[in-house]
Amino acid sequence: MTMKPEERKRDLYFLKLLSRSFPNVATASTEIINLEAILNLPKGTEHFLADLHGEYLAFQHVLRNASGRIKRKVNTIFNDSLSAREQKDLCTLIYYPAEKLELVKEEIADKEDLDDWYFITINRLVRVCRHVSSKYSRSKVHKALPEDFSYIIQELLHERSSDPNKQAYVDVIIKTIISTNRVDEFIIAMCNLIQQLTIDMLHILGDVYDRGPSPDKIMDILCNFHNFDIQWGNHDILWMGAAAGNDCSIANVLRIALRYGNHGVLEDGYGINLLPLATFAMDTYAGDPCERFLPKDGSAKDPKRARTAQLVAQMHKAISIIQFKLEAAAIKRRPDFGMKDRLLMDKMDLERGVIKIDGKEYELLDKNFPTVDPKHPYKLTAEEESIVQKLHQSFTESEKLRKHMKCMFRNGCLYTITNGNLLYHASIPLNEDGSLKDVSIRGEKFHGKALLKRAGTLIREAYFGCEDPDERAFALDYLWYLWCGPDSPAFDKSKMATFERYFVADKETHKEVKGFYYTMRDNPEVVDSILDEFGVQGEHRHIINGHVPVKTIKGENPIKAGGKLMVIDGGFSKAYQPETGIAGYTLVYHSQGFELVQHEPFSSIDEAVRLGQDIKSTISIVEHTHQRILVNDTDIGTELQSQIDDLKELLDAYRSGDLKERNLRPITNKR
């Protein structure tokens, strides 16, 4: 096929740009050889986690032990040479190097004995590091090396003391590390490198925030992690809305934090000023026991914390009433959201202490509403308006929250397609027959992939702004809708029954009916239709998501639709663990297939260090490949093959004379 002149011109223009990086046949050929070699390495190991909900300690331990894979690798390497206790000690050192080193120095007082321990331990760490780095190219390992010890680690990884010609060389390197008093720093660097190389890619399938105590610390880890992405969950979107200045979202974030006794993350983690709310709550609800609003952390039962718990309950009630008022304004402002059924405060008869829901009367569990005017139940008082303004300012001006949200945007979206897997947090709205549901946004209908794309655009417009003020205002409201709206792909339930759970005893009113996705996701044909909609290719393709806890304790299986769909919300959140019976899942995708790792609860860092107490994890094989998966079989492999094809064209251009080769000359300073 003859290339048209304009195509040839465009092709040569591109090749000229490429020639800046590869100016001659030698450099282009070397890069082709390098890329072809990388294609034949085993694929890197991917870890998938969902619904972390602020459980920082458990999350960071799962990262440190790579969901149990480091322990397995240590066992593989040292099964015949180290006892179970020695293997456990080595694993603990890799997980918590700084803490374990302090403990070792307490136990080994003699300097010579300690130096011997250092010497033996470094040799063991080198073996582990050599093992976990074996599936990567030397250049990739080099990029991961800590700057201070890059040269030394390279020498130790690539020179073996078993070689008689190198034994003294390697031994002297290690002894010199010890004698120069850099040994602790070196060991910490080695352990961190092992952790990093064991997890090539981390996928977080939503809901970093809420319920648990330290989502800010999880975000600190993620923002500094070497390679991760996140598919936003409705709790993440709620915080994004709060950071963008949506007052409904701000009230919800506060209410949930107070409900679980985690308001410290707002004050200490993000510098949110809660004093105005606390002062207002103490005055407004003085003498009110606020029993329905006591925090769920058990502090109310502790005599030492009971007074603080009472204040938290008063603040919790105050922000809840403010939330219902703010949400009513949004619902009235956006009738197309279809959430009129959430307008409940005007259905209260405060004189009789009852509320009418769907034509039926229920007694109110709490009858004290000092800020609710029966004639105008959704009108904020002047004090409430002042609190909303101050909270709005505090959230939008929080520097740390802004930093974490930028990280969330930079590394996230509503869905991702990677290596034949479609990742999203919750659902794809469906009709009763399993077909994709049309969802209306400002009069325009979207479904499937187009729905998630449109929602993702609105999330970004809400946070970063856009030229049309009306579009920005809608986008801000839509952020809140995505948190709790019935057709939100991040939620997909009939309602969020917050009001009913607080004020009505009848649990029938608490029911949140799940969308058809949740009843159809075990149907292989429906799952295939969703995968087709998103253009996911491959013989072994899957949907991976979280959002709804898998009730393992009741025999529910996280693997659905004959292995085509995997739900990996196993209860990282302690609030869900009584329902799930476990403490979370990690889905691991390595060069031999998929493994599902089921975790037991994490005790503490102190027990992990002093007793070698690891998270007990049960591994089950989900999908095993008979032939090892190589980089060539992955999305990265496709990109590398495209680069190889371009470089081959560049070679042809050099050899045909269409482009002239250039020699690389060293740059010298001319004085």
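For reference, positions follow the sequence shown, starting with 1.
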Looking only at heavy atoms, which two atoms of His447 and Asp438 are closest? And how far apart?
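His447 and Asp438 have their closest heavy atoms at ND1-OD1, 2.8 Å.
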Measure the acute angle between the ring planes of His547 and His425, then classify it against the limits of 30° and 60° as parallel, tilted or perpendicular.
perpendicular
Taking atom types as modelled and ignoring hydrogens, do the side chains of [X] and [Y] form a donor-acceptor contact shorter than 3.5 angstrom?
X	Y	value
Glu327	Asn252	yes
Tyr585	Asp569	no
His53	Tyr576	no
Asp606	Tyr96	no

Candidates Gln196, His203, Met201 - the one meeting side chain to side chain contact (heavy atoms under 4.5 Å, CB included) with Asn227:
Met201
Do you know which of Val253, Asn246, Leu238 makes side chain to side chain contact (heavy atoms under 4.5 Å, CB included) with Trp483?
Leu238
Rounded at 0.5 Å granularity, tell me how far [atom1] in [X] sits from [atom2] in [Y].
X	Y	atom1	atom2	answer
Ile321	Leu380	CD1	CG	11.0 Å
Leu275	Thr279	CG	OG1	4.0 Å
Leu266	Leu274	CG	CG	5.5 Å
Asp492	Tyr517	CG	OH	9.0 Å
Asp297	Arg305	CG	CZ	5.0 Å

Do the non-hydrogen side-chain atoms of [X] and [Y] ever get within less than 4.5 Å of each other?
X	Y	answer
Leu294	His316	no
Leu63	Ile199	yes
Asn411	Phe228	yes
Arg259	Pro295	no

Counting only N and O atoms by type, is there a donor-acceptor contact under 3.5 Å from the side chain of [X] to the main-chain atoms of [Y]?
X	Y	value
Glu607	Ser604	no
Arg402	Thr396	yes
Thr381	Glu384	yes

Would you please test Tyr481 and Tyr478 for ring-ring contact (aromatic ring centres under 6.0 Å, His included) and show each step?
CA-CA 5 Å; Tyr481 177 86; Tyr478 193 74; 5.5 Å; yes
Evaluate the criterion ring-ring contact (aromatic ring centres under 6.0 Å, His included) for residue pair Phe324 and Phe499; output intermediate values, then yes/no.
CA-CA 8 Å; Phe324 298 137; Phe499 186 95; 5.2 Å; yes
Among Lys511, Lys347, Arg342, exactly one meets salt bridge (Lys or Arg N to Asp or Glu O under 4.0 Å) together with Glu500. Which residue is that?
Arg342
Determine whether Gln314 and Asp288 satisfy the following criterion, side-chain hydrogen bond (donor to acceptor under 3.5 Å, both in side chains), listing intermediate values before the conclusion.
CA-CA 8 Å; Gln314 291 169 334; Asp288 186 338; over 6 Å; no
salt_bridge(Asp477, Arg333) N-O dist < 4.0 Å
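So Asp477 pairs with Arg333 through a salt bridge.
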Under the ring-ring contact (aromatic ring centres under 6.0 Å, His included) criterion, do Phe293 and Tyr285 qualify, and how do the steps go?
CA-CA 12 Å; Phe293 297 89; Tyr285 297 98; 8.1 Å; no
Where do Asp487 and Lys437 land on the salt bridge (Lys or Arg N to Asp or Glu O under 4.0 Å) test, with the steps shown first?
CA-CA 9 Å; Asp487 283 328; Lys437 183 178 182 179; 2.7 Å; yes
Between Phe369 and Phe503, is a ring-ring contact (aromatic ring centres under 6.0 Å, His included) present by the stated rule, with each step listed?
CA-CA 12 Å; Phe369 294 90; Phe503 299 116; 5.3 Å; yes
